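Remember, it's a predicted structure, so these values are computed and weren't measured experimentally.
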Amino acid sequence: MLNNVSRRGFLKAIGFGGASAAALATAAPTAALADNTASTDASLYRFEGEYGCDIMSQDKLQELENDCAEQGAYEVANGLVLLRNENGALPLAAGSKVTLLGQNSIESTIEEEASGGFGGPAKKSGPFYSYHSGGDSTKGALISTVTYLEAMKGVYEVNQTLVDAYQTSGYKRVKSTDEPEVGEAPSSFYTDEIKASWASDYNDAAIVMLTRQGSEDCDLLLKDPTGVSFMALHQEEKDLLSMVKEQKEAGVFKRVVVLINSSWAIEIGDLPDYGVDAVLWVGAPGATGFKGVAQVLTGEVNPSGHLVDTFAKNSLSAPAITYAQENTPTWKNLDAVLEGCKDTDKFVSYYLVYAENIYVGYKYYETRYEDSVLGQGNAASVAGSSTGSAWSYTDEIAYPFGYGLSYTDFEQKLDGATFDSASDAYKVSVTVTNKGTVAGRSVVQVYAQTPYGDYEKTNKVEKSAVQLVGFGKTAELQAGASETVEVEVEKYLLASYDYTKAKSYILSAGDYYLAVGDDSHDALNNILAAKGVSGMVDVLGKAAEGDKDKVYTWNEASLDATTYAKSRYSDTTVTNQFDDCDINTLGCETVTYLSRSDWDATFPVEQVAITATADMISDLDGYTYEVPADAPAVSDFTQGVDAGLTFADMYGVDYDDDGTWDSFLNQLTVEEMASIMPDNNGSIALDNIAMPASYRGDDMDQLEQVHFKLTDQSGFLWPSIMLSAATFDREEIARRAALTANEAFFMGCNEIWTGGPNIHRTPFNGRATAYYSEDGQVGYFVAKIQSEECQKRGIIFGLKHFCLNDQEAHRESAATFCNEQAIREQYMRAFEGAYAKGGCQGMMTAFNRMGTTYCGHCKELLTNVLREEWGAHVTVCSDAVVGSDYKKHYSEDVAAGMTYWCWDTAGFGAASEGASNLSKDVIPQMIEAGDGYMLKLLRQATKDHVYCEVNSIMVNGLAAGATIEHITPWWENALTGAKVGSGILAAGFLGLYLAKGYVWDKDGEGVQADAQSQKGGE
């Protein structure tokens, strides 16, 4: 059995494998200019990709995309999760004869565009590949999609009769709330003629695919029109599985394998009842990921992925469901709210309460399990039970967070843990031995439990029974081989936020546990064993003993409310910022947050109808900008006076060098500073300071809104980010980010907006495929790695959506209420690693509100936490303002810390409102009217904007002191069929590749660096 996918092209290109990671950032410049003349000044190449600097090189671009394709398949092979494997069903030898079942396993031949949402597959049936449309997009891609059928035919002989029948059946999956179909063919479809196709052949295995799909602005329904949860098996799927079971029992199919082609945690607890032998979660595999699926099925690769979500048997039993998706209520006094607010009614009508507190996903199920075993907190009550009887873990959970099987057996031995005061972290050492007969990789997961005592109960400090605090992964281990893995656990992650008394982070007094486990449930059983507890069960409901030898424990004698009372990242004191997000502080109706102190009394069974107070209505109205009494006058500032500083001169200038920054800002007029605030996938150039236009676009799982300059095509269609996270492999996560950054490099794209940190608060989030996990800790680790890899290559990594944007239903401005512990430990924690530790310099705000305050107006979020507490130097943009008047309160936004507005551009949805309603016009009008405070804010926003962009690839090829002039570039007619869009071309970056340093301005004209200035800057 081969257990390693070749990544030859990738290893050659960026040095992973044999070379150290440090080599990535230190490669010598090898740029070739467009006319094949070599650069003579290496200092102009501040940022460089691993594929050379000639982005007009067809060979290098193709090499890059080939490496992306290779890595995409490898990522899926190492991130998909083997959930079940009975009777030696897998691996299934290559060359076997199989029947592929499930309407959504085969692409329809009907050319029909998908309906509803943003992006999504171009066909209404067939496998779910990705959030974006990939190779079927209008711009196409250099790497074509390898379909599931193509991948399977590459390793197996496939029943073509059934394939042909599916392709022309007419049954399809429709992605809209009006037609929420799962797309499966009914039982009547399987005629005797079709069944005959596998009666005597193609029956080595029945491979059944189950698919779910959502999208932006389109959650999956809690209940569809038939009254069934959209996560549950629907009747057509049950009929299909029943038929397959009958055929297996009749001796036709030798084995039954199910593929879960979904980024959503489908309810699959009943699959064993249908005689299913093996189950693989394959997520949304992107353009080439089904090759990785085939490699795992045949055993060429040994699966090593682990779940980043809990798979519940009944998704509707989770406490978050009470306020989620279509369970999003309107205000009790809605008429008064609408009368008191000037923005569009739908943007002020809805609210959500995160009454579940910190108890999302495994943090709910595992904590309630421990309390059930210990007989405390009324955990065995009926509240939240799926059966109507006493709550039972076995009744609720199919597969726990972190779960994943292998084709071999591993033994993990905890060697010990030591505390390193210098790094303020525990070093957990684990020796992994392959006890099986084939090679494979093993994930080491470390979980923590912290004390929950009288202080915590009294002061409403909730504690999860376990939480992921670190992970590592072995190399491929041959049978009998061992490897010692060291996992770092930051002590900070053991702290809890006390929002009622200490109003900061605390380390509780009592016993602490660090446990190694195969998943969250296994780790908790090990902790319970260390406590001397009995009565545990494993995930299958069988009696479990746990392993106390996999647990390290110690005692903290007293409560510590000082160690993390000051930010780890700055000199800022950490204290409550979001009291107004807690509905219980606002003088209206109150709610009871879920608490493990009494599961029965606090479980959110019914919604609370909330009456918005006058103050709440004022915040919803959103016109809160005030000029402070001590505000400066406009005359206190100097604008439009040349200081001899250009954009390139500011490269490397310290953010805190106020003198230099003030001199630089003094050169700009108010109109120039405001002109870079509207965005249309980029901002315009500023000739006065030789600042090129920027070029930005969405990533999520594909750079699709921006295109390669050589081909005008989209980037590679990656697997869903969940699959990357599910590898639990830091190097793999880094490789993907590095390749994405290189793609941006070839596009001249200096900033990408990407998903990631929002939470799978429920399994129904329409954009779950774009977000890492149900756990904010996963975001803390993964987003840090991604940020580091992109930023060091000069690509501004822009994560979204900050914060509490965890559903699509009524996402436009829903007032979201949550207590500060949950906000900090779950929802902001998922972003924290990127900005506080990973150097991330881009941020996109959310659509919703923090309490009643729109996220873009929330100074506590964008300034007090993001910039001051976390110490981030970041450019902050809104989510798309087009068609959303509540997001166009420019004065409130800039006062909170907004830097620019996404798609706030005349001609892109704003034309009907008139150009005077754009940020670039409104803000100068305020300053012209004498608002010196707004001028101060505008200067700060400009500084934040320029600081990030001058430390990106925008500065490449620009010498200090350079000036620019407008010309018609040679490439305008050279790119066959390419049309240069007004306002969005990136600009200064491409000057690196042209003999005389061309860049682009807002009109798509070439801008050429003055030769004398270039020479003088050398």
Test your reading of the model: is there a side-chain donor-acceptor pair from E774 to the backbone of Y362, 3.5 Å cut-off? yes
Examine the side chains of E366 and Y393 and answer whether a donor and an acceptor come within less than 3.5 Å of each other. yes
Between NZ of K363 and CG of L468, what distance do you get to the nearest 0.5 Å? 9.0 Å
Between E150 and K153 (salt bridge meaning N to carboxylate O under 4.0 Å), is one present in this structure? no
Test item: D309 side-chain N/O and P763 main-chain N/O as donor-acceptor pair under 3.5 Å: no
Name the one of R84, K248, R255 that satisfies salt bridge (charged side-chain N to carboxylate O under 4.0 Å, His left out) with D277? K248
Using a 3.5 Å distance criterion without hydrogens, assess whether the side chain of N742 forms a donor-acceptor pair with backbone atoms of F746. no
If we ignore angles and hydrogens, is there a donor and acceptor under 3.5 Å between the side chains of D67 and Q71? no
Under a 3.5 Å distance rule, please check whether T99 uses its side chain to pair with a backbone N or O of Y202 as donor and acceptor. yes
Tell me whether D420 contacts the main-chain N or O of A425 through its side chain, where contact means a donor paired with an acceptor under 3.5 Å. no
In terms of side-chain heavy atoms, does K254 have a donor or acceptor partner in N203 at a distance below 3.5 Å? yes
Would a distance-only check, ignoring hydrogens and angles, find a side-chain to backbone donor-acceptor pair under 3.5 Å from N758 to Y771? no
Answer yes or no for R730 and F471: cation-pi contact, defined as NZ/CZ to six-membered ring centre under 6.0 Å and angle to ring axis within 45°. yes
At what distance, to the nearest 0.5 angstrom, does CZ of F781 lie from CZ of R829? 9.0 Å
We want to know whether N302 and S406 form a side-chain donor-acceptor pair, criterion being a heavy-atom distance below 3.5 angstrom. yes
Is it true that a side-chain atom of T310 and a backbone atom of A312 form a donor plus acceptor pair closer than 3.5 Å? no
Report the residues that fulfil side-chain contact (heavy atoms from CB on, under 4.5 Å) with D729, sequence neighbours left out, ordered by chain and then residue number. R441, K473, T727, E731, E732
Return the CZ to CD distance between F797 and E788, rounded to the nearest 0.5 Å. 11.0 Å
S714 versus Q702, side-chain donor and acceptor atoms under 3.5 Å: no
CD of Q213 to OG of S130: how many Å apart, nearest 0.5 Å? 10.0 Å
Does S773 use its side chain to pair, donor to acceptor, with the backbone of V308 at less than 3.5 Å? yes
Begin with the C-alpha distance, continue with both residues' side-chain angles, and end with the deciding distance and a verdict on side chain to side chain contact (heavy atoms under 4.5 Å, CB included) for W281 and F311. CA-CA 11 Å; W281 173 78; F311 274 58; 3.7 Å; yes
N261 and Y148: side chain donor to acceptor below 3.5 Å: no
Between the side chains of Y447 and D522, does any donor sit under 3.5 Å from an acceptor? no
Kindly say whether A89 contributes a backbone atom to a donor-acceptor pair with the side chain of N87 at under 3.5 angstrom? no
Identify which one of L414, V469, V551 satisfies the side chain to side chain contact (heavy atoms under 4.5 Å, CB included) criterion when paired with L514. V469
Backbone of F716 reached by a side-chain donor or acceptor of E743 within 3.5 Å: yes
Can you label the angle between the Y492 ring and the Y780 ring as parallel, tilted or perpendicular, going by 30° and 60°? tilted
Let me confirm one number: the CD-CZ distance from E50 to R793, rounded to the nearest 0.5 Å. 4.0 Å
What is the minimum heavy-atom distance between G72 and W718, and which atoms define it? N-CZ3, 3.9 Å
Rounded distance [0.5 Å steps], CZ in F419 versus OH in Y552: 9.5 Å
